[in-house]
Amino acid sequence: MPPEMVSIVRSAVATGEYASISEVIRDALRDWTYKRSAHQQGIADLRQFWQEAMHDETLGVSADEVLDRLERK
């Protein structure tokens, strides 16, 4: 672990924010696991939206029409 991280972890324990170094590590792993899970869910959602869009047979809007609408706004 880089020295600056060791210092941060020790400081968190010294100030009473955490009871032990292992508690800091467990909390960090919980946070990382949550963020990783949310990231993976986001990717799964994007894949689903992409598949739905690829199978959508309704007519789309031309790029020119979109640009015209944006220019009017």
Side-chain angles (χ1 to χ4, degrees):
M1 186 179 322
E4 62 274 1
M5 292 186 96
V6 171
S7 176
I8 291 169
V9 170
R10 286 186 176 153
S11 175
V13 174
T15 61
E17 188 177 351
Y18 291 92
S20 66
I21 291 174
S22 63
E23 188 178 317
V24 176
I25 303 302
R26 280 193 302 272
D27 193 36
L29 285 171
R30 269 192 300 273
D31 186 52
W32 176 77
T33 301
Y34 172 78
K35 287 178 181 176
R36 186 170 187 252
S37 176
H39 179 74
Q40 289 173 335
Q41 183 61 50
I43 290 171
D45 291 346
L46 285 173
R47 284 188 176 131
Q48 179 181 346
F49 294 144
W50 176 258
Q51 288 300 317
E52 290 171 4
M54 293 300 293
H55 293 99
D56 185 356
E57 295 184 12
T58 59
L59 295 177
V61 178
S62 73
D64 288 335
E65 186 176 341
V66 170
L67 292 172
D68 288 344
R69 287 182 191 175
L70 289 172
E71 287 175 355
R72 285 192 301 267
K73 288 186 177 194

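Values below: every heavy atom of this structure, side chains too, minus hydrogens, waters and symmetry copies.
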In this structure, would [X] and [Y] fall into the same cluster of hydrophobic residues linked by side-chain contacts under 4.5 Å?
{"X": "Ile8", "Y": "Ile25", "answer": "no"}
{"X": "Ile43", "Y": "Trp50", "answer": "no"}
{"X": "Met54", "Y": "Phe49", "answer": "no"}

What is the distance from atom CG of Asp64 to atom CD of Glu71, rounded to the nearest 0.5 Å?
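So the gap between those two atoms works out to 9.5 Å.
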
Going from CD on Gln41 to CD on Gln48, what distance comes out if it is rounded to the nearest 0.5 angstrom?
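Answer for the CD-CD pair, Gln41 versus Gln48, is 9.0 Å.
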
Donor-acceptor pair, side chain of [X] and main chain of [Y], under 3.5 angstrom:
{"X": "Ser7", "Y": "Pro3", "result": "no"}
{"X": "Ser37", "Y": "Tyr34", "result": "no"}
{"X": "His39", "Y": "Lys35", "result": "no"}

Check whether any side-chain heavy atom of Glu23 lies under 4.5 Å from a side-chain heavy atom of Arg26, and answer yes or no.
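When only atoms from C-beta onward are counted, Arg26 and Glu23 do touch, with a gap below 4.5 Å.
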
Side-chain contact test, heavy atoms from C-beta onward, threshold under 4.5 Å: evaluate it for Val13 versus Glu17 and give yes or no.
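Val13 vs Glu17: side chains apart.
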
Minimum-distance pair of heavy atoms, taken over all atoms of Met5 and Met1
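In terms of heavy atoms, the two residues are closest at CB-CG, 3.6 Å.
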
Would Thr58 and Asp56 count as having a side-chain donor-acceptor pair, cut-off 3.5 Å?
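Per modelled atom types, Thr58 and Asp56 side chains form a pair under 3.5 Å.
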
Check ion pair Asp68-Arg72 (N to O, under 4.0 angstrom)
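No, no charged N to carboxylate O under 4.0 Å.
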
